[in-house]
Every structure is written in structure tokens, then in C-alpha cells.
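Let me begin by presenting the structure, written as C-alpha cells, before commenting on it.
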Amino acid sequence: MPRICSPSFPRNESHHSPCHTMRWSNLLIPTLKEDPAEAEAASHRLMIRSGMVRQLAAGIYCYLPLGQRVLDRINTIIREEMNRIGGQEITLPALHPAELWQQTGRWDEIGEEMFRLKDRGKRDMCLGMTHEEVITWLAVKEIRSYREMPQIWYQIQVKFRDEARPKSGVLRTREFHMKDSYSLDADEEGLGRSYEFHKEAYARIFGRCGLKFYLVESDPGMMGGAGSHEFMAPSPAGEDEVVLCTSCGYAANIELASSKSPAPTFPPWSSLEELATPGTRSIEEVSNFLQIDPRLILKTLMVMTGEGPLLCLLRGDQLLDEKKLQRLVGPFRPAHRDEMKEIAGVEVGFLSPLGLELPRLADETVAEGVYVAGANREGYHVRGVVPGKHFSARYADIHHVQSGETCLQCGASLAVEPVIEVGNIFKLGTRYSTPFGAVYLDEKGQEHPIVMGSYGIGPARIAAAAIEQSHDQDGIIWPMSISPFPVHLLAVNVKDETMRTVGDELYRQFVAAGVEVLYDDRDERAGVKFKDADLLGIPYRVTVGSRAIREGQVEIRNRRTREDALVPIAETVPHVQALLTETEGS
RNA sequence: CGGGGCGUAGCGCAGCCUGGUAGCGCACUUGGUUCGGGACCAAGGGGUCGCCGGUUCAAAUCCGGCCGCCCCGACCA
């Protein structure tokens, strides 16, 4: 039901803007005094408390006016930067026929994560998780010649993924808005250009949104293709981790990052010696019992692969990186306790490569040195084990990077940091164009598949990441560029005739000057309004209160610094406008 | 999907162990006082205690099943 302009609506609005109000007393901004029980992450807590969003079901959110404003501002920045690199905005269906996804095989590859349904004619349909298929279909229909490329098409739309575990508020949802763009080029070189354009546009977008972010190498995963990067906003609420070298700039998603584990000083153990180590199963227990550095212990894990059992060897302080192992040996799972006993004849904790005729895969780190290993006999370990001499193995990088290890490129110390993935860019190549037959003719009349790229941004994640990176005990501190309003006008006591009049007049002036201002004209006590102002986190607060008004002044407070400036009432609007110009883009 | 927790008024919670048909704070309504950092007094409105079944004279409370939400892990094109 659309809002109708009528004399009775908006209720408190003057005749200057009959159908538009930025008066709090007329707006839906349901702030909460207390933290909602279900919210853990700072951004989740604050988005609910500030009345930006409400949850309808697990991973399904309503955006209320304040949240909508933030998304609008983010999307405006995205559109400006996408248009700047030649992107053209389009709108694509959210509902897709199954045949589209069957054509690339993803209908069967993707499991429960895809929302599927049938139409009344019992035809299989799905809700789009992403739009490579639709874009490629469109390219098949419309692109014939090399002359028609390059193209960059983008959309900002809702997408669906039936996430196994929606979490952290708006950070991981089942229905989400996403800016996706797709590039179509004649060859790899063209794709390289489109990719670089996107890399630059994305850096500008996240920069303009006030985010601190890293550009890191990423695992292309099932998207396939020649290369990919992710844009990562550091935050403790992030689900991903990146590995960073502060010295040479190496930056990668931890899923594919590599590192060197600094070697310990190896003792002069010259022969194999069996040691009684009763009851010591974990590395920590063995290390404590024998009073030796965990790095001198060999960790032996048994996993079950498609080819059968496999022993994985790591140094005591290292963790197995399951992604890396999976890339090497395919799907696997840890061996069960009884399986291990049956295959190796030994209890967990005393497993070792010595004398066991099983395939072995060792981390490269282990190739050097002399170690304590399990004895394949309960209650015993063996000292003096030299890999290569006492057992053989295939060597590869299978350890999970940990903070404090060193950079392979420059040797400096690496840091591991949790991050929110706010954007990704993929070189798709011809993975989608080939199955669809999306081809063009080159200048010699030769047919070639179109070379594609795909590039995503999550606007809601930008908002959440901005809050994660910029808040304090009292609430959000918005970057000016994506704040729901640039200015928060607050009349301390609307029952006071003078304050009310000055507040109304300043509001009118701001509106007339084209400055979007949230005017808190509610009949609430000052404390309530100040607390709410801090919670919403609008960069500048203009306070009309008894203190300054006697001197004909108002206070202008900076939310971030909490510094107040006294300004004559008549100069308020120009003064604020000057501040806004100054703060632009920050 | 594995592990854990929680579901009682709009929100945050107590009551459950030891059955006797529901309570606190905030919010909301009305009146009064107050009025620059989440006011006070008084009077009110609001709940099939997630759902279904069982035990019992009697169930928010005990038992069984189901559903939902959150957290950890797996997964995440």
C-alpha cells in the first residue's frame, strides 16, 4: 500500500516538504536500550540496537529505514565506480529454470545450498545463488563479434543460498544483496584488463566506504579459472583469515597461504632409542614428559582417502591444513580410533611411520632434522628418527600457517588476521562460455569462446564491516560516506518554546540547503536522545539546548572525537556544510 | 550435518530441581511532578509459558516427540 500524500500525513511536517520527512517523531527508528540476546558480533548488536535491521528468520533480514539508507549510500558508491570503468547496470531474474544450471553441471554439483522449487507445471526451478549462467545465456544470444567486446555488465540484486549455518547478523545470510559484475572479453589479455579495472574500482569502492581492507590472493575454488583475489576487511568478527607479511607485502587467504616454520636447534641424537612414555598421547603431554621442545616431535595423523589410509606427518607445533591436503589427495576424513587400531595396530598417540607399510605424506618442514616419533607400541616413543633415513615419504606443503612463522618470499615474520570477505574477483576464463557455446567470431572469421570474469561485492557486508571497524562502547561511528545521514539535529527539550522554534528553523534551513538531516524532535528526555544519537553514530550532531541557546549558539559535536564547537545559530548551516565538504570521503 | 545452549508480555530475564494455573526490570497507556547524558510518583493494558502428546485430582514445572533460534565445528561455487 503506497503512502498517500494527504493533509494529515506526515503528521508534523510543514508545508515545505509535504511528502518527505526526516523528523524522528515520524520515522521508524526502533532503537533498543539493551543488547538483543542472540547477537554476538558488534555489528550485529549495533545494527539491531540502532534499528537498522530486524531478523525474520535464520539468515533472513528486514532492512528498516536507517539500514536502507546505509545500503543506498553504499550502492551509490558502487554504481559510480562501476560506471566509471564502463560497467552497465542490468537487472536479472532471481528465479531460474533448472536447465540453465544443468547446462554447466552445477545443478547436480551444488547440493543443499541451492534453494530449489517446482513451478505449477512441475518444472524444476531454483533461486539464483549467483548469475554466471544467466549472463552466459545472455552473451550467447547477444554477442556475435569481437567488435562487441569488451562488455562489463553488473547487477545489484538479491541472491539466495541455503547456508548450513547463517551467522553474525548480516554477515552470513541466506538471502542477501550482492553486486555482481561480469566481464566478457575476446581473449586472456582482454580479461586481464577487465580484471585490473575491477581491482582498481574495488579498491576505490572500499576506500570510499571508509573501510580498512587488504587485497589478498585467494583460492579460486569451484568457480574455476585462472586467478582470483579477495578484498578482506580486518575484523574479529570475520570468518576468514589472511596471512600478511608486513615486510614484503605478501598477502593471501590462509587457505592457500604458505609459510616456513622456523627450525629448532636439533640435539645430537645419533641413534634410534626407544623411550617409555606411559600415558602421553598428545604432543603437549609427550613434550612435557620428555622435557623437550614440541618442535622436536613428529606428529603422525592417519586419514582415510579415496585410495585408503594415508599417514600425514607434521612437526609437533604444526596443524594440518585440511584444504591443502584435500587439494593434494581429494576428499578425506580423519581415521576413526578403531580403524587406526586395526590398520596400524596401535592406539592413538603412539602412531608412527616407522615400520608401517602405508603411504606417507609429510610436510616439507619435516625433511630436515631429527625427531621423537611414536613407536607404534603403546606407551613408547622413539628418539633419533631421521626422515629420509628411517622412513621415506612424499613431501608437500600441508601445514596450516600460524602467526609467527616466516615469509617464504622475504623471511620476515608473518601475521594471521581474521577478516570479513567484502569482495572477490575471479578470472573465469571459458568455464561457462564453453558449455553454453558462448562464442564470437574474430577478425579472421574464426570462432572462439568468450573469455569471462566475475566480480562480487556484498553491500551489507560493507556496512557490517564498517561498524566492526568503527564503533565504541556507546554505538556506531559511521564514516561520512556511508552514514545514513550526515547530520543529526537534536532539540534537547521540545517543550521549551525557544529550543523548539530554533530546532524547527534549523531543520527547515538544512532541508532548504539540501543537507539530509535527521531531526530528533521527539518529546523525550535529553539523556535518551543523546544516548540514541551516540548509538546511531551520525558523524555530526547539532545540539539545540539551553546552555548555548542563551548566547544565541548551538553545539556541533563530532561523534568520533566527541569534540564540541559552539557556533552562532545563524551560521549553523554554512558551518556544517563546510565541515561536510572537509569530511567528504572519510 | 555433528556438538552445546536457549525458547515464559514488544525487549532483557526470574520461576522449573522440590507440580497447586505466572512474576521482575525496561518499553507501552493515563494523570501529576521533572527537563543537558537512558527521571520520579500513582493508576493501568498486555502472556494459549514454542508446538503436539503423555503422567497426574492438578503441568510453565515431570516424561516423550517435534519445531524454532543462538554458539562451536564441518560446509561456504
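We name chains A, B, ... by the order of the sequence lines, and we start the count at 1 in each one.
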Any-strand Watson-Crick or G-U partner of rU56(B), both distances under 3.5 Å: none
T501(A) side chain reached by M499(A) side chain, heavy atoms, under 4.5 Å: no
Paired nucleotide for rC66(B) [Watson-Crick or G-U wobble; both distances under 3.5 Å]: rG50(B)
Atom C1', compared across rG23(B) and rC35(B): separation rounded to whole Å: 33 Å
C1' atoms of rC51(B) and rU8(B), separation to the nearest Å: 15 Å
Phosphate contact (rA74(B) OP1 or OP2) by R165(A) side-chain N/O below 4.0 Å: no
Within 6.0 Å of CD in E342(A), more than 12 heavy atoms from elsewhere: no
Nearest to side-chain heavy atoms of E524(A), which nucleotide of rG36(B), rC28(B), rG37(B): rC28(B)
Sugar-phosphate, base or nothing in reach of A533(A), heavy atoms under 4.0 Å: nothing
Integer-rounded Å distance: rC71(B) P and Q55(A) CD: 9 Å
N or O in side chain of R525(A) less than 4.0 angstrom from rA39(B) OP1/OP2: yes
Sugar-phosphate, base or nothing in reach of R333(A), heavy atoms under 4.0 Å: nothing
Nucleotide nearest K531(A) (side chain, heavy atoms from C-beta), chosen from rG36(B), rC70(B), rG38(B): rG38(B)
Nearest-angstrom distance from the residue atom CD of E40(A) to C1' of rG5(B): 11 Å
Lys/Arg cation over aromatic W478(A): R560(A), 6.0 Å, 45° cone: no
Spacing of the C1' atoms in rA22(B) and rG47(B) (rounded, Å): 9 Å
Shortest side-chain distance from V528(A), nucleotide among rC1(B), rC35(B), rA39(B): rA39(B)
Main-chain N/O of H399(A) paired to K324(A) side chain as donor or acceptor, under 3.5 Å: yes
Pair assignment for rG31(B), Watson-Crick or G-U wobble, requiring both distances under 3.5 Å: rC41(B)
N/O (side chain, K33(A)) to phosphate O (OP1/OP2, rA27(B)) under 4.0 Å: yes
Presence of donor-acceptor pair under 3.5 Å, side chain of R541(A) and base of rG37(B): yes
Rounded distance in Å between the P positions of rC6(B) and rG44(B): 36 Å
Nucleotide paired to rC24(B) in any strand shown, Watson-Crick or G-U, under 3.5 Å: rG12(B)
Base-pairing mate for rC75(B) - Watson-Crick or G-U, with both contacts under 3.5 Å: none
Value in whole Å for how far the P atom of rG36(B) lies from CE of M499(A): 6 Å
For atom CZ of F530(A) and atom P of rG36(B), their distance in whole Å: 8 Å
Sugar-phosphate only, base, or nothing, as touched by S168(A) at under 4.0 Å among non-hydrogen atoms: sugar-phosphate
Enclosure of Q102(A) CD (heavy-atom neighbours >12, cutoff 6.0 Å): yes
Side-chain donor or acceptor of D520(A) paired with backbone N/O of R522(A) under 3.5 Å: yes
Euclidean distance, Y455(A) OH relative to K427(A) NZ, rounded to 0.5 Å: 8.5 Å
Touch class at under 4.0 angstrom, heavy-atom based, for K495(A) against every strand present: base
Euclidean distance for P, rG50(B) against rA59(B) (whole angstrom): 15 Å
D504(A) and R23(A) ion-paired at < 4.0 Å: yes
Minimal non-hydrogen separation, W24(A) against H488(A), with atom names: CZ3-CE1, 3.9 Å
Steps toward salt bridge (charged side-chain N to carboxylate O under 4.0 Å, His left out) verdict (R559(A), D472(A)): CA-CA 10 Å; R559(A) 172 65 179 87; D472(A) 62 17; 2.8 Å; yes
Atom pair distance, as rounded to whole Å: CD in E255(A) and C1' in rC75(B): 11 Å
Nucleotide nearest A57(A) when distance is taken to its side chain, options rG37(B), rC69(B), rU34(B): rC69(B)
Spacing of the P atoms in rG7(B) and rC63(B) (rounded, Å): 15 Å
Under 4.0 Å protein heavy-atom contacts per nucleotide of nucleotides 7-16 of chain B, with B for base, S for backbone only and - for none: ----BSS---
RNA chain B contacts made by residues 550-559 of chain A, counting heavy atoms under 4.0 Å: E555(A), R557(A)
Along RNA chain B (nearest heavy atom to each residue), the more 5'-positioned of A526(A) and W101(A): A526(A)
Rounded distance in Å between the C1' positions of rC75(B) and rC52(B): 33 Å
Inter-nucleotide C1' distance (rC72(B), rU61(B)), Å rounded: 30 Å
From CA spacing to verdict: side chain to side chain donor-acceptor pair (under 3.5 Å), Y214(A), E417(A): CA-CA 11 Å; Y214(A) 305 123; E417(A) 203 172 340; 2.8 Å; yes
Whether Y202(A) and F231(A) hold their rings parallel, tilted or perpendicular, with breakpoints at 30° and 60°: tilted
E112(A) or E421(A), whichever maps to the more 5' nucleotide of RNA chain B: E112(A)
Between C1' of rC1(B) and CD of E113(A), the distance in whole Å: 13 Å
Sugar-phosphate, base or nothing in reach of A39(A), heavy atoms under 4.0 Å: nothing
Atom-to-atom span, NZ of K167(A) to P of rG5(B) - whole angstrom: 19 Å
Steps toward side chain to side chain donor-acceptor pair (under 3.5 Å) verdict (N253(A), E230(A)): CA-CA 8 Å; N253(A) 190 309; E230(A) 287 163 326; 2.8 Å; yes
Interatomic distance where CG belongs to D474(A) and C1' belongs to rG38(B) [whole Å]: 11 Å
